[in-house]
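Letters A, B, ... are given to chains in the order of the sequence lines, protein chains preceding strands, and every chain is numbered from 1. In this text, all values refer to a predicted model and were calculated from it rather than measured experimentally.
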2 protein chains.
Amino acid sequence: MDEPRARLSFAALSQETRLGIVRTLVVTGPGGMAAGAIAEKVGVSPSNVSFHLKELERAGLVAQRRESRSIVYSARYDALADLVTFLMEDCCVGHPSVRASLNERASCRSTSPASDESGTL
Amino acid sequence: MDEPRARLSFAALSQETRLGIVRTLVVTGPGGMAAGAIAEKVGVSPSNVSFHLKELERAGLVAQRRESRSIVYSARYDALADLVTFLMEDCCVGHPSVRASLNERASCRSTSPASDESGTL
DNA sequence: TCCATGTTTCAATGATCCTAAAACAATTCA
DNA sequence: TGAATTGTTTTAGGATCATTGAAACATGGA
């Protein structure tokens, strides 16, 4: 992930409504959710959710597909992982101090439960 | 890390100059760098770097200390690690798909080279 | 056609960013 | 001590960008 894209992603996640949308879509899974349902879930108007979804798509954090009448949005897990990687490797320059802090928390387990009820991508 | 703080951090990193400052300070190490030196390094005016440093401090990403005449700024590695953790665990809700993407890249190695010559930018 | 669902446009408000000048703080030296 | 120097912050201003709700527009299904 290049820096401009990363900054676009950071800007996208710095907005309360957009962060809420991303979290909703991540939990929802690859199946995604229609724009209207997202609006209801996060409690904003359809036009507002449309605006923010466009912003999230510009940042590459969500994908859209038409499904009958609805346009269904889903989280792009690869892009989110890209962003985590950028934050660690490029922004933090893979600094040992950050690595150390992360390892202390055991946030990276090689033995993931891999409970795939929300599906693989 | 709570969500408002995380969003503040994302907003801070979404700005080109501020991201440059953070990267510079991360590479510099715990010793830090005086505000004037940072301004010269990233190529902005002293007043401008002061403005952005204040913003970064508000987000908790940098710390400052007076050293003789200069005010020396340094990266807060714990806060950066907090942000990485938030992005993985809270924002991405610890989703297996993100974990999987990260593990594939072997971004989390317990045996880091730990070459701390504060390398190339 | 009619209705439901999404999207776009628009104008207003508010936030952010930058430059330059002035103010402030701490140190050095006469 | 007191003035000059160095380093940093604050302020003022104007420009640019982001955010919002309302309303108009487009599209797919009954």
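Considering all non-hydrogen atoms of both residues, A:Leu61 and A:Ala12 come closest at CD1-CB, 4.1 Å.
Rounded to a whole Å, the CZ atom of B:Phe51 is 18 Å from the C1' atom of C:dA22. Between A:Glu16 atom CD and D:dA18 atom P there is a gap of 19 Å when expressed in whole angstrom units. Between the P atom of D:dG7 and the CD1 atom of B:Ile38 lies a distance of 14 Å, rounded to the nearest Å. Taking atom NZ of B:Lys41 as the reference point, atom C1' of D:dG7 lies 20 Å away to the nearest angstrom. What separates CD of A:Glu55 from C1' of D:dT20 is a distance of 13 Å, to the nearest Å. Taking atom CE on B:Met33 and atom P on D:dT8, their separation rounds to 12 Å, with Å as the unit. The nearest whole Å value for the distance from the CG atom in A:Leu53 to the C1' atom in C:dT8 is 14 Å. Atom CD of A:Glu57 and atom C1' of C:dT8 are 15 Å apart (whole Å).
Note on B:Asn48: a side-chain N or O is less than 4.0 Å away from OP1 or OP2 of C:dT19. An OP1 or OP2 oxygen of D:dA18 is reached within less than 4.0 angstrom by no side-chain nitrogen or oxygen of A:His52. OP1 or OP2 of D:dT10 sits under 4.0 Å from a side-chain N or O of B:Lys54. Between B:Tyr73 and D:dG7 there is no side-chain polar atom (N or O) within less than 4.0 angstrom of OP1 or OP2. Dashed line: the shortest gap from a side-chain N or O of B:Arg66 to OP1 or OP2 of D:dT8 is not under 4.0 Å. When the side-chain nitrogen and oxygen atoms of A:Ser70 are compared with OP1 and OP2 of C:dG6, one or more of them lie within a distance under 4.0 Å.
Where A:Ser14 and A:Arg69 meet DNA chain D, the nucleotide closest to each residue was compared, and A:Ser14 sits on the side nearer the 5' end. DNA chain D is contacted by both A:Val44 and B:Ala37; B:Ala37 maps to the nucleotide lying nearer its 5′ end (nearest heavy atom per residue).
When the nucleotides D:dG29, D:dT9, C:dC17 are ranked by their closest atom to the side chain of B:Gln64, D:dT9 comes out on top. Comparing C:dG6, D:dA22, D:dG29 by their nearest atom to the side chain of A:Ser47 picks out D:dA22.
Residue A:Gln15 is in sugar-phosphate contact alone, with no base atom involved, counting any heavy-atom pair closer than 4.0 Å across all strands shown. Nucleic acid contact class of A:Ala34 (heavy atoms, under 4.0 Å, all strands): sugar-phosphate only.
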Please report the C-alpha distance between B:Gln64 and B:Leu53 in whole Å, then the side-chain angles of each, then the deciding distance to 0.1 Å, and finally whether the side chain to side chain contact (heavy atoms under 4.5 Å, CB included) criterion is met. CA-CA 9 Å; B:Gln64 72 169 213; B:Leu53 282 171; over 6 Å; no

I'd like to know whether B:Glu40 forms a side chain to side chain contact (heavy atoms under 4.5 Å, CB included) with B:Val49, so could you lay out the CA-CA distance, the side-chain angles of the two residues, the decisive distance to 0.1 Å, and finally the verdict. CA-CA 9 Å; B:Glu40 195 176 356; B:Val49 90; over 6 Å; no

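With respect to the salt-bridge test (charged N to carboxylate O, under 4.0 angstrom), the residues B:Glu55 and B:Arg58 qualify.
Put simply, the side chain of A:Val26 reaches to within 4.5 Å of the side chain of A:Tyr77, judged on heavy atoms.
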